[in-house]
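First up is the structure itself, then whatever we jot down about it.
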2 protein chains.
Amino acid sequence: MVRKPTSKESARKPNMREAILAAAEELFATNGFNAVSVRDIAQAAGANPGSVTYHFKTKDGLLLEIYRRHCGPMNLRRSELLAAARRVRDLQDRLEAIVRAYVVPAFTSGSDLAGGGARFTRLRAVMSAEGNEVARKIIAQTFDDTSHAFIDAILESLPHIPRTDIVWRSHFLLGALYYSLVTPDRVSRLSRGAADGSDPANAIEQLVQATVASFQAPALDQPARRRPVISSKT
Amino acid sequence: MVRKPTSKESARKPNMREAILAAAEELFATNGFNAVSVRDIAQAAGANPGSVTYHFKTKDGLLLEIYRRHCGPMNLRRSELLAAARRVRDLQDRLEAIVRAYVVPAFTSGSDLAGGGARFTRLRAVMSAEGNEVARKIIAQTFDDTSHAFIDAILESLPHIPRTDIVWRSHFLLGALYYSLVTPDRVSRLSRGAADGSDPANAIEQLVQATVASFQAPALDQPARRRPVISSKT
DNA sequence: TGATCTTTTGTACGATAGTACAAATCACAT
DNA sequence: ATGTGATTTGTACTATCGTACAAAAGATCA
C-alpha cells in the first residue's frame, strides 16, 4: 500500500528509509559504489541490513532510488534558471547567466534533500568514473536533454562558435565541476591555504568565470590543427 | 636475485608480469579498483590468480607498481616540455606551450608502455574519484611538485592574475582532462557524431585552446563576488 | 644430467559480499 | 484490547573475495 500521513509518521526511527538513503548517498559519493557494502550503509544509518533489502530490494535499487530522488528537482531548477538566463539582453551577461544556471544547482540544491546537491553531484562524478551501469543509463536519459538545451542556449549567445567546440567546452565544464567536488582539498593544498576548495561560493565564482572565458575562446577552425610549439620527442 | 637477460627471456609466456600489469591497468581504469577482482585480472592476462600474488604480493601492491611504472617517465616528460615551454619568448605563445606541456604527456605517453599514457591518466581519474588511499598518497607526493612548477610557470606568463585564480583554473584543467578520458563517448553523443571524443589529437587541441582562454580570463578581485543575475530561489 | 632457482599452477582457507526469509515488533483502525 | 498490515530484526545461505602455500613445471649452469 501507499504511505499514510496520519498522526505520527509511522516508523520507529523518524523515517528509516530516508536515513538509509542519506547514508548511502554519502558513502557512495565518498568511496564509490563497490567499496561500500549494504552492511556499511545499514550501520551508518543505524539500521539493520535486512531493512535495506526491505525498502530497496537490491543494492542497485538503492542507487536507482537516490538518482530518482535528485534528478527531477535538479533538472527542474536548471530549466528554470536557464529560461531566466535566456531572457538576459546583453550577450555577454547572458552567457554568464547560462553557465551559472548550469553550475549553481549542481552545487547548492537540485532538491533540498538534506545536504544539498553537492553531495549528489559528487556521487554522479564517482559513478561516472567507475563506469557504473545503473548510473550511466539514468544519466544519459535524464541529463542529455538538459545538456542539449544548455548547448543550444550557449550557441545562441556565441553564434560564431561551431557547435562542436561548444560541446567540447561544456564537456570540460562538467569535468571541472565534478573534479572540484571530488577533491576540493587539492585546491587548498596547491594554493597553500590561500583558497578554500570546499567553499561552494568560491568554487562557483571561479568555475563560472573560467568557463565563460573558455567559451569565448576563438573557434578551432581546423578539425585538428597542429601547432608544434615544442620539439616533438624527448 | 635480479633479472638475467640471457639467451631466452626466462618465462613461458613472453613476460607474464607485464601482461598482468597491462590487464590490471585496463580493468582498473575501466571499472575502478574495487569492482575488479584479482581473478578477473589473472584471467584477462591469461595467468593464474596465484601468479598475481607471486609477482605483486597484494592487490594494493599491484596498483602501487602500476603507479611506479608510469609516474616517473610521465613527470620527466612533463618537466622537459615545461622547460622548453618556458623558453618561448612571446607570453601568449608561452602560455599555450606550458598548457600543452601539461596536457600532451597525459594523453600520449608518460612512458611508452603499451597503450600510452591515456590509459594511466584514466586510471588516475578513476582512483581519484574512488578516493583510493594508495593512489592518493602516491599522487600527492609525486605530482604536487610538478603541479607547483606548472602553476609557477603560468604565473610568470600571466603576472596580473593572482596565484589563487591560477590554482583554481589549473584544477579545472585537470578535471576536464580526467573527464575527457573517462567518458569520451559523451562528447560524440552530445555532438551527434560531429566530434570524436576518443580522438586524442582532437581532445588535446580543444582542451588546450579552452584552457588557455580560461587562464587569460580577468582576475576575480573579490574573494567571492556575488552576481545575482537571476532570481535566487525557484 | 642433475642441482638449483624462478615461475606457474592448483587448491584451500577465512572473511565478507548480496540477498532471502521467518520471527519479532510496532502503529493504528476498529 | 485486539487484529492487521507495515516495518525491523536476526540469521542463514551461497558466492566470491584476497591471500597463502605446497606441488609442478620450466629455466640455467655446473
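Proteins get letters first, then strands, A, B, ... in listed order; numbering begins at 1 in each.
- We find that CD of A:Glu18 is positioned 12 Å from P of D:dT8, with the value rounded to whole Å.
- Aromatic ring pairs are classed by plane angle as parallel below 30°, tilted from 30° to 60° and perpendicular above 60°; the pair B:His70 and B:Phe120 is parallel.
- In this structure, A:Arg78 fails the cation-pi test against A:Phe143, since its NZ or CZ atom is not both closer than 6.0 Å to the six-membered ring centre and inside 45 degrees of the ring normal.
- As a whole-Å value, the separation of B:His55 NE2 from D:dT19 P is 16 Å.
- Atom-to-atom, CD of A:Gln43 to P of C:dG18 comes out at 14 Å; the value is rounded to the nearest Å.
- Considering only side-chain atoms of A:Arg39, the nucleotide from C:dT8, C:dT19, D:dT19 that sits closest is C:dT19.
- Comparing A:Thr53 and A:Ala35 by the nucleotide of DNA chain C that holds the closest heavy atom to each, the one mapping nearer the 5' end is A:Ala35.
- When each of B:Asp40 and A:Pro49 is assigned the nucleotide of DNA chain D with its nearest heavy atom, A:Pro49 is the one assigned upstream, toward the 5' end.
- Atom CD1 of B:Ile20 and atom C1' of D:dT19 are 15 Å apart (whole Å).
- One atom, CE of B:Met16, and another, C1' of C:dT9, lie 11 Å apart when rounded to the nearest Å.
- In this structure, A:Leu64 atom CG and C:dG18 atom C1' are separated by 17 Å, rounded to whole Å.
- Taking a cutoff of 4.0 Å between a charged side-chain nitrogen and a carboxylate oxygen, B:Arg17 and B:Glu65 qualify as a salt bridge.
- Within 4.0 Å (heavy atoms only), A:Val52 reaches no atom of the nucleic acid at all.
- When distances run from any side-chain atom of B:Asn48 to the nucleotides C:dT9, D:dT19, C:dG18, the shortest one goes to C:dT9.
- A straight line from CG of A:Leu63 to P of C:dG18 spans 13 Å, rounded to a whole angstrom.
- For A:Asp152 and A:Arg163, the salt-bridge test passes: some basic side-chain N is under 4.0 Å from an acidic carboxylate O.
- Contacts of A:Ser51 with the nucleic acid, taken as non-hydrogen atoms under 4.0 Å apart, include base atoms.
- Taking every side-chain heavy atom of B:Tyr54 into account, C:dT7 is the closest of D:dT9, C:dA17, C:dT7.
- With salt bridges taken as basic N to acidic carboxylate O contacts below 4.0 Å, none links A:Arg122 and A:Glu25.
- Between B:Ser37 and D:dT16 there is no side-chain N or O to OP1 or OP2 distance below 4.0 Å.
- At whole-Å resolution of the value, CG in A:Asn34 and P in D:dG18 are 11 Å apart.
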